[in-house]
Amino acid sequence: MAKPFEPSTLGVRAGTARSQFNEHSEALFLTSSFVFDNAKQAAGRFTGGDEGYIYSRFTNPTVTMFQDRLAALEGAEACVATASGMSAILATSMALLKTGEHVVCSNAVFGSTVTLYSTILSRFGVETTFVSPTRIEAWRRAARPNTKLLFLETPSNPLGEISDIAAIAAVAKKAGAVLAVDNALCTPALQRPLEFGADLVIHSATKYLDGQGRVLGGAVLGAKGPAMDAVFGFLRTAGPSLSPFNAWVILKGMETLELRMLAQSERALELARWLERHPCVARVFYPGLESHPQHALAKRQQRAGGAIVSFEVKGGREGAWKVIDSAKLISITGNLGDVKTTITHPATTTHGRITPEARAAAGITEGLVRVAVGLEAVEDVKADLARGLGW
Ligand SMILES: Cc1ncc(COP(=O)(O)O)c(C=O)c1O
């Protein structure tokens, strides 16, 4: 058997399907539906006997190219693209859960994920227990006979806590539940959760897969089988679908994914080291630092530390807002995963809608600042932060 291609090659080449015009760059099929040769073919397509495109809510060649490229990078057999990262999490939940069932979720996931489980799915009789992302014993204790889904994000956002995917996959297996890992922060360029035993991988393609802050997108990946069939079934019926235009933008973004992830991680490590030495910084959270409590685990699971550096400023909210408001180069915005460095105050933005108790449990303090490091020269980023830190 031929040697499989390296990830950088897959990022550039995997999934490409040429039309009859033999275009070199992937084509954008901006069409809501597809034409059939005759009624018999239309009937065959709808019943599934005849493979081919029908309607872009669930089948579109540009979206298929995106799905196939991401599947190749994650080492997954199947991929379902969605309109956003949140709709990927919703589609997974709707596909796998029903009233009376139970979820165990890390308490350090994205704020909207907490809200989805705690206030929306709970209305449909799905109960969620939130546990520490790092205490395996807590996952074990939380699992019940009706637990169907374990959900985590590693590294977590914004504190960069690392969950041991293999250990939590073992808990899921024993409980007869599915483990879904949100891999938005690492992307397959740095971490491939399926290799550690996760059943499903979730993406907010809005982040590093696009990489340039242009469009929203998401995806669910896993082995071919009932779980992925159910995710596809939900998408086909309910329609939180990825637009072909967005799929095309993200597909092109993925061509530089590995380069960007490595370069942004390198800059993030340098910035984290600098912040660690800064007298006005109480604590730095970055898995690439030797001082990070799960540094060894991060090195086992990840190829690099990723691009999110969070730090606690002395002086609480006032100190944090001063750093943010003094930034002239860095963009004040909630998004991350861009080549442009962004800065956020998690307690009042991304995690502002969750309860103060949930925020405290997740370790989001008032002095916490999150920087999503981009591709600018790291010296310029340091100078921008130094102004507000007062050094
Ligand atoms: C880790 C993580 N997962 C999911 C999401 C949600 O993704 P989207 O904004 O594409 O819906 C985000 C958004 O910031 C995120 O950071």
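Owing to the predicted nature of the structure, the values given are computational and were not obtained by experimental measurement. Whatever order the structure lists ligands and atoms in, that order sets their numbers, starting from 1.
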Pairing of [X] and [Y] as salt bridge, 4.0 angstrom limit:
| X | Y | answer |
| --- | --- | --- |
| Arg18 | Glu23 | no |
| Glu127 | Arg144 | yes |
| Arg273 | Glu276 | no |
| Arg267 | Glu270 | no |
| Arg317 | Glu366 | yes |
| Arg303 | Glu258 | yes |
| Glu161 | Arg135 | no |

Short N or O distance, [X] and ligand 1, threshold 3.5 Å exclusive:
| X | value |
| --- | --- |
| Thr113 | no |
| Ser87 | no |
| Glu153 | no |
| Gly85 | yes |

Nearest protein heavy atom to atom 5 (C) of ligand 1, by residue and atom, and its distance?
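Result: Phe110 CD2, 3.5 Å.
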Quick one: look up the protein heavy atom nearest atom 9 (O) of ligand 1 and list residue, atom name and how far away it is.
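Result for atom 9 (O) of ligand 1: Lys207 NZ, 3.5 Å.
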For [X], the ligand 1 atoms whose distance to one of its heavy atoms is below 4.0 Å:
| X | answer |
| --- | --- |
| Ser84 | 10 (O), 11 (O) |
| Asp182 | 1 (C), 2 (C), 3 (N), 4 (C) |
| Ser204 | 4 (C), 5 (C), 7 (O), 8 (P), 10 (O) |
| Asn157 | 16 (O) |
| Thr206 | 8 (P), 10 (O) |

Of all the heavy-atom pairs spanning Thr348 and His345, show the shortest one and how long it is.
OG1-ND1, 2.5 Å
Which is it for Met86 and ligand 1 at heavy atoms under 4.0 Å: side chain, backbone, both or neither?
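It is both backbone and side chain that touch ligand 1.
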Using a 4.0 Å heavy-atom threshold (strictly under), name the region of Leu185 that reaches ligand 1: side chain, backbone, both or neither.
side chain
With a 4.0 Å cut-off on heavy atoms, does His203 reach ligand 1?
no
Any side-chain heavy-atom pair of Val104 and Phe130 under 4.5 Å:
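They are not in side-chain contact.
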